[in-house]
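Data block below; observations after.
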Amino acid sequence: MGGTQTEREEKVSLELSEEILQSMEVGMAFKDYNGRISSLDFHRASSYLVTASDDESIRLYEVTSGTCLKTINSKKYGVDLVCFTSHPTTVIYSSKNGWDESLRLLSLHDNKYLRYFKGHHDRVVSLSLCSRKDCFISGSLDRTVLLWDQRAEKCQGLLRVKGRPGISYDDQGLVFAVAFGGFVRMFDARKYEKGPFEIFSVGGDTSDANVVKFSNDGSLILLTTADGHIHVLDSFRGTLLSTYNVMPVSCNSTLEASFSPEGMFVISGSGDGSIYAWSVRSGKEVASWRSATSDTGPPVIKWAPGSLMFATGSSELSFWIPDLSKLGSYVGRK
């Protein structure tokens, strides 16, 4: 009996289903923010999470124990977007002060700036790090996409775009996507200067691109837009597989969505602060959660790598996990 029970527990812990998704609720929340959370990121190979907030703070959390390890203030520059590098206590972040659009490489361990990356002339609205190399790309309202090497202060490449760019590397770091104006453009990271090798349409949605992401296996692309549309495309053929609709967001906000680890589900925020989940296979909504906070606007949202958990950030940071008391039918299934 003990072995059977263990096997069932492993099944619950490893396989995400609609039932598990529907059972998820806030397991822990941090409510000590004095401003709205503008960005959050999970480290790929550790249990760390980092947040950036309008209260000009960067906070590092240990997810397993649910503890805030460190708070670093960026009063001079402000902070908007934040991403982990390959190192679990080193991040790259963009400023939010309106007078300095530099990106910064920051050691959270000793609160030291390791490098400044200067090149943009307006707010950075998209940031993506290459998982295989010390490279990253940034997209700005100055209508440029810059390619960087973490070891050099000057950008290694520049692409001009005709709109607000959403950008993302794929998981292998071989391809990156740039979205604007109703299309997703696919670039070979080694030959980007030759232009896109594929251009995919997103069905006439020409509203501002917000977030672009690849599924972990690279087979799907997710694009959110300011009009409240979440598009899922086949990354090889460019076929538009499904479009989900939520409340639109303001021009100063970003609609964020995230694939579950195996790419079977999409979770997204909404302009009214709510959260939704859809099945990629059926295209149907499978779960929704109304905003737990009184503020409106889309929460930032990311699924934890390889885990049955996602995090949301609004005026507070919330970790969402399955409610095991609701999973009796699933555990008992043979």
Side-chain angles (χ1 to χ4, degrees), residues 13 24-97 103-115 124 127-129 131 136 211 253-254 256 258 260-261 267 269 273 275 289 291-324:
S13 67
M24 295 185 82
E25 59 183 33
V26 176
M28 180 176 291
F30 293 85
K31 304 181 180 182
D32 56 337
Y33 285 85
N34 295 314
R36 191 173 180 84
I37 296 170
S38 56
S39 179
L40 62 84
D41 190 35
F42 286 97
H43 189 261
R44 293 168 59 89
S46 74
S47 58
Y48 286 169
L49 174 140
V50 67
T51 66
S53 169
D54 289 348
D55 63 12
E56 301 173 328
S57 72
I58 297 171
R59 305 189 192 196
L60 179 67
Y61 294 86
E62 208 289 322
V63 175
T64 306
S65 62
T67 55
C68 182
L69 300 178
K70 185 164 290 190
T71 298
I72 292 175
N73 293 312
S74 178
K75 297 295 184 183
K76 181 177 180 181
Y77 303 110
V79 56
D80 193 7
L81 302 179
V82 65
C83 288
F84 277 113
T85 66
S86 58
H87 195 280
T89 59
T90 306
V91 298
I92 294 173
Y93 78 91
S94 64
S95 62
K96 198 176 186 176
N97 55 22
L103 296 159
R104 290 169 178 80
L105 182 64
L106 173 67
S107 168
L108 301 177
H109 173 68
D110 50 11
N111 192 17
K112 287 186 177 179
Y113 291 114
L114 306 178
R115 195 155 288 113
V124 173
L127 193 60
S128 179
L129 273 71
S131 62
F136 66 99
V211 168
S253 298
T254 298
E256 189 168 17
S258 182
S260 60
I267 53 172
I275 303 165
W289 302 268
S291 175
T293 55
S294 58
D295 60 344
T296 57
V300 292
I301 186 166
K302 280 189 175 67
W303 200 285
S307 175
L308 282 182
M309 183 185 73
F310 64 87
T312 59
S314 51
S315 60
E316 59 188 56
L317 173 65
S318 301
F319 295 108
W320 297 73
I321 57 175
D323 180 351
L324 297 179

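Residue indices begin at 1 and follow the sequence shown.
- Annotation: cation-pi geometry not satisfied between R59 and F30 (NZ/CZ under 6.0 angstrom from ring centroid, within 45° of ring axis).
- Judged by distance alone, the side chain of N73 and the main-chain N or O of K75 form no donor-acceptor pair under 3.5 Å.
- In this structure, D55 contributes its side chain and N34 its backbone to a donor-acceptor pair below 3.5 Å.
- A donor-acceptor pair under 3.5 Å links the side-chain atoms of S258 to the main chain of W303, judged by distance alone.
- Looking only at distances, a side-chain donor or acceptor of S74 sits under 3.5 Å from a matching main-chain atom of G78.
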Please evaluate residues L127 and F136 with respect to the criterion side chain to side chain contact (heavy atoms under 4.5 Å, CB included), reporting the C-alpha separation (whole Å), side-chain torsions for both, the decisive distance (0.1 Å), and the verdict.
CA-CA 7 Å; L127 193 60; F136 66 99; 3.9 Å; yes
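- Side-chain N or O atoms of H43 include one that pairs as donor or acceptor with a backbone N or O of S86 at under 3.5 Å.
- Looking only at side-chain heavy atoms (C-beta outward), D41 and V91 stay at 4.5 Å or farther from each other.
- One finds no salt bridge joining E56 and K96 here, because no Lys/Arg side-chain nitrogen approaches an Asp/Glu carboxylate oxygen to under 4.0 Å.
- For the pair P322 and L308, the tightest heavy-atom approach, listed with the atom from each and the gap, is CD-O, 3.3 Å.
- Atom CD of E62 is separated from atom OG1 of T67 by 5.5 Å, given to the nearest 0.5 angstrom.
- Side chains of Y33 and T51: a donor on one and an acceptor on the other come within 3.5 Å.
- Crowding of Y48 atom OH: a count of heavy atoms from other residues, nucleotides or ligands under 6.0 Å not exceeding 12.
- You'll find the side chain of R36 stays beyond 4.5 Å of the side chain of S53, heavy atoms only.
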So F42 and M309, side chain to side chain contact (heavy atoms under 4.5 Å, CB included) or not? Walk me through it.
CA-CA 11 Å; F42 286 97; M309 183 185 73; 3.8 Å; yes
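- Of all heavy-atom pairs between I37 and G313, the closest is CD1-CA, 3.8 Å.
- The main-chain N or O of V26 is never found under 3.5 Å from a side-chain atom of W289 such that the two would form a donor-acceptor pair.
- Between A29 and S318, the shortest heavy-atom contact is CB-OG, 4.0 Å.
- Annotation: side chain of L69 is not in contact with side chain of T89 (no heavy-atom distance under 4.5 Å).
- Side-chain atoms of K70 come within 3.5 Å of backbone atoms of H109 as a donor-acceptor pair (strictly under, hydrogens ignored).
- With S94 contributing its side chain and L81 its backbone, the two residues share a donor-acceptor pair below 3.5 Å.
- In this structure the side chain of V124 never reaches within 4.5 angstrom of the side chain of D80, judged on heavy atoms.
- K302 places a side-chain N or O within donor-acceptor distance of the main-chain N or O of L40, the cut-off being under 3.5 Å.
- Remark: side-chain polar atoms of T85 are paired, donor with acceptor, to backbone N or O of T90 under 3.5 angstrom.
- A 4.5 Å side-chain heavy-atom check between S260 and I267 finds every atom pair outside the cut-off.
- The aromatic rings of Y61 and F319 sit perpendicular to each other, their planes meeting at more than 60°, with 30° as the lower class boundary.
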